[in-house]
Protein chains: 2
Amino acid sequence: MKIKKKDAILNAATHLFSVKGFKDTHMAEISKLTGAAEGTIFYHFNNKEELFLTILNEFKESILNEFKKFTEENTFETGLSMTEEMISFYLHMAQSMEDRFLLLHRHDAYELSQTSEPCRQHLEAIYNCMVDMFENAIEQGKKDGSIGDISSRKVAMIIFGMVDGLLRFNTYGLYDAGTLFNELIYACRKILKNDR
Amino acid sequence: MKIKKKDAILNAATHLFSVKGFKDTHMAEISKLTGAAEGTIFYHFNNKEELFLTILNEFKESILNEFKKFTEENTFETGLSMTEEMISFYLHMAQSMEDRFLLLHRHDAYELSQTSEPCRQHLEAIYNCMVDMFENAIEQGKKDGSIGDISSRKVAMIIFGMVDGLLRFNTYGLYDAGTLFNELIYACRKILKNDR
DNA sequence: TAAAAAACTGACTGAGCGCTCAGTTAACAA
DNA sequence: TTGTTAACTGAGCGCTCAGTCAGTTTTTTA
C-alpha cells in the first residue's frame with residue numbers, strides 16, 4: 001500500500017492521454033479513475049504538463065530498453081532477415097504497448113515539444129532509436145551482401161515511414177494493418193534485396 | 001464587399017484549425033483575425049463543429065476535384081510511371097494545400113468522425129479517393145506488364161502509407177521529406193516492378 | 001510515544017471560452 | 001421612401017477545468 005497512488009495516477013493518465021488526448025483528459029477524470037483526490041495529483045506533479053512529460057519519459061526509457069534487449073538477445077542470419085524481423089518486432093511492440101504508441105501518434109507531444117526542450121529530446125530519442133535500428137540492420141545487410149547498395153539512413157527512414165504509416169491506418173480505424181502484414185514484408189524485401 | 005466575412009471566417013478558421021488544432025482554436029481568435037464579431041461567426045455557422053465540418057467538406061470537394069483533373073488531363077506510358085507520377089502529384093498537392101493536409105494529419109477529424117456521421121463520410125471519401133487512384137494505376141500496370149502480379153488494393157495501401165508516412169516526418173519537423181524523394185520513387189519502383 | 005515529515009483531501013477560485021440575444025446597420029424590394 | 005430581410009455586433013451568461021490551500025491522516029524518525 002505504498003506509493004501506490006502515484007503509480008495509479010500515472011497508469012490512468014497514460015491511458016487517458018492516449019485515448020482522449022492531452023486537452024480532453026481532465027484531472028477530475030484521473031481522480032475518479034484512481035480514487036485519488038485532485039489535490040493528490042498536484043501533490044505528485046506540479047502541473048498537467050509535468051504529468052505528461054513524466055509519462056513520455058518513462059515510455060522513452062522502456063522502448064529504448066526493449067529494442068536494446070531485442071538486438072542483444074537475438075542473432076540474425078543476414079541483414080535482410082534482421083530488418084524483416086525488426087518490422088515484426090516493431091508491430092509486436094505497438095500491440096503490447098498500444099496506448100503509448102497511440103500517444104506517439106497524436107499531435108500532443110509534437111505541440112509540447114515546441115515549447116518544452118525535454119519533450120523535444122524524448123521524442124527525438126524515441127525516433128532516432130527506431131530509425132537507428134533499421135539503419136544498422138541495413139548496414140549489416142550491405143556488408144553480408146543480402147542488401148543492395150543503397151543509402152542506409154534514407155532507406156531506413158522510408159521503411160520506418162512505411163511501417164508507421166500502416167500502423168496509423170490501424171489507429172484511425174481506416175484499415176486493419178494485420179491483413180497487410182505479408183505485403184509489408186514483401187515490399188520491404190523488394191526494396192532492400194540485392195538484385196545484382 | 002459581399003459575403004466576404006463568411007469567407008474570411010472560413011479562411012482564418014482553416015488556418016487556425018490546421019496549425020493549432022480544433023480545441024486550441026478559439027472563436028475570439030478567429031474574430032480578431034477576421035475583424036468579424038464572434039456573434040457573426042455563430043450567425044453563419046451554428047457552432048464550432050459545424051464550422052469545422054464545412055471546412056472538411058470543402059477540402060474533400062477540392063481534393064477529389066484536383067485528382068480527377070490530374071487523371072483526366074494526363075496520359076501515362078505505363079501503369080508504373082503513372083504510379084510514380086501520382087506520388088509526385090500527391091506530394092505537390094500536400095505542399096500547395098499545406099494547411100489542409102495538416103488538418104488531415106491531426107486527430108481532430110478522426111475524433112469527430114466517431115460522433116459525426118458526415119465527418120466519417122468525408123474522411124472516408126478523401127482516403128478512398130487517394131487509395132483508389134493508386135489502385136487504378138497499379139491495376140493498369142499489371143495489364144500493360146510494367147507491374148508484377150500483386151494485390152492491387154493492398155499494395156496501393158502500402159504505397160499510400162509509405163508516402164503519407166514520410167509526409168508526417170515533414171509535418172512533425174523530424175525530417176525533410178524533400179531529401180527523401182528520390183528514395184521514395186526508388187522504393188516504389190522496386191516494390192512494383194515486374195521482375196519476371 | 002512524541003514529534004516531524006510526507007502523503008493525501010476536496011471545497012474553492014478564477015480564468016477561459018463556446019454560445020446567446022437584444023439590438024444595430026446594410027442591402028434590397030415594392 | 002418605406003418596409004422587410006439579411007448581415008452583423010459585442011456585452012454577458014453559464015459552464016468547465018487546471019490549479020490552490022488550509023487542514024487531516026499516515027508514515028517515518030528519534
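Numbered from 1 within each chain, the chains take letters A, B, ... in sequence-line order. Here the structure is a predicted model, which is why all the values come from computation and not from measurement.
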Show the numbers, then the answer: is there a ring-ring contact (aromatic ring centres under 6.0 Å, His included) between Phe45(B) and Phe52(B)?
CA-CA 9 Å; Phe45(B) 308 94; Phe52(B) 184 86; over 10 Å; no
Rounded to the nearest Å, what distance is computed from the NZ atom of residue Lys6(A) to the P atom of nucleotide dA7(C)?
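My rounded result for the distance is 8 Å.
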Phe52(A) has an atom CZ; how far is it from atom P of dA18(D), in whole Å?
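Answer to the nearest Å: 14 Å.
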For Phe89(B), enumerate each residue passing the side chain to side chain contact (heavy atoms under 4.5 Å, CB included) test, keeping only those at least two apart in sequence or located in another chain.
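Phe89(B) satisfies side chain to side chain contact (heavy atoms under 4.5 Å, CB included) with Glu66(B), Phe67(B), Phe70(B), His92(B), Met93(B) only.
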Within the 3.5 Å criterion, strictly below it, is a donor on His15(A) or Asp99(A) matched to an acceptor on the partner's side chain?
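Side chains of His15(A) and Asp99(A): no pair found under 3.5 Å.
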Gap between atoms CG and P, on Asp7(B) and dC8(D) respectively (whole Å)
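Atom CG in Asp7(B) sits about 10 Å away from atom P in dC8(D).
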Tell me whether Thr78(A) contacts the main-chain N or O of Ser146(A) through its side chain, where contact means a donor paired with an acceptor under 3.5 Å.
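Here the side-chain-to-backbone pair does not exist.
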Heavy-atom contacts under 4.0 Å between residues 14-29 of chain B and DNA chain D, which residues?
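Heavy-atom contacts with DNA chain D come from no residue of residues 14-29 of chain B; none.
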What pairs of residues pass the side-chain hydrogen bond (donor to acceptor under 3.5 Å, both in side chains) test when at least one of them lies in residues 21-33 of chain A, not counting sequence neighbours?
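Listed by first then second residue: Lys20(A)-Glu29(A), Lys23(A)-Asp24(B), Asp24(A)-Lys23(B).
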Got a second to check how far Leu112(A)'s CG is from Leu56(A)'s CG, nearest 0.5 Å?
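The distance works out to 8.5 Å.
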Positions of residues 31-42 of chain B (non-hydrogen atom under 4.0 Å from DNA chain C), listed by number:
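Those residues whose heavy atoms fall under 4.0 Å from DNA chain C, taken from residues 31-42 of chain B in numerical order, are Glu38(B), Phe42(B).
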Under 4.0 Å: is that the gap between some side-chain N or O of Tyr43(A) and OP1 or OP2 of dA7(C)?
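Answer is yes, contact under 4.0 Å.
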What distance separates Asn194(A) CG from Asp149(A) CG, expressed to the nearest 0.5 Å?
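Output value for this atom pair is 8.5 Å.
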Are Glu117(A) and Arg120(A) ion-paired here, with the side-chain N under 4.0 Å from a carboxylate O?
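Looking at Arg120(A) together with Glu117(A), the answer is yes, because their closest N to O distance falls below 4.0 Å.
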To the nearest 0.5 Å, what is the distance between NE2 (His105(A)) and OG (Ser18(A))?
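The OG atom of Ser18(A) is 11.5 Å from NE2 of His105(A), to the nearest 0.5 Å.
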Within residues 110-120 of chain A, find the residues that approach DNA chain D with a heavy atom at under 4.0 Å, and present them sorted by residue number.
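Heavy-atom cutoff 4.0 Å gives no residues at all.
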Roughly, in whole Å, what's the span from CD in Glu50(B) to P in dG18(C)?
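It is 15 Å, rounded to the nearest whole Å.
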Could you measure the distance from the CZ atom of Arg189(A) to the OG atom of Ser81(A)? Nearest 0.5 Å is fine.
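Between Arg189(A) CZ and Ser81(A) OG, I get 9.5 Å after rounding to 0.5 Å.
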N/O (side chain, His44(A)) to phosphate O (OP1/OP2, dA6(C)) under 4.0 Å
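For dA6(C), OP1/OP2 do not have a side-chain N/O of His44(A) under 4.0 Å.
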Could you tabulate the donor-acceptor pairs under 3.5 Å formed by side-chain atoms of residues 129-139 of chain B, not counting sequence neighbours?
unit_1	atom_1	unit_2	atom_2	d
Asp132(B)	OD1	Arg153(B)	NH1	2.7
Glu135(B)	OE1	Arg153(B)	NH1	2.6
Glu139(B)	OE1	Ser152(B)	OG	2.6

Verify the contact: side-chain N or O of Lys48(B) to OP1 or OP2 of dG18(C), cut-off strictly under 4.0 Å; return yes or no.
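Answer is yes, contact under 4.0 Å.
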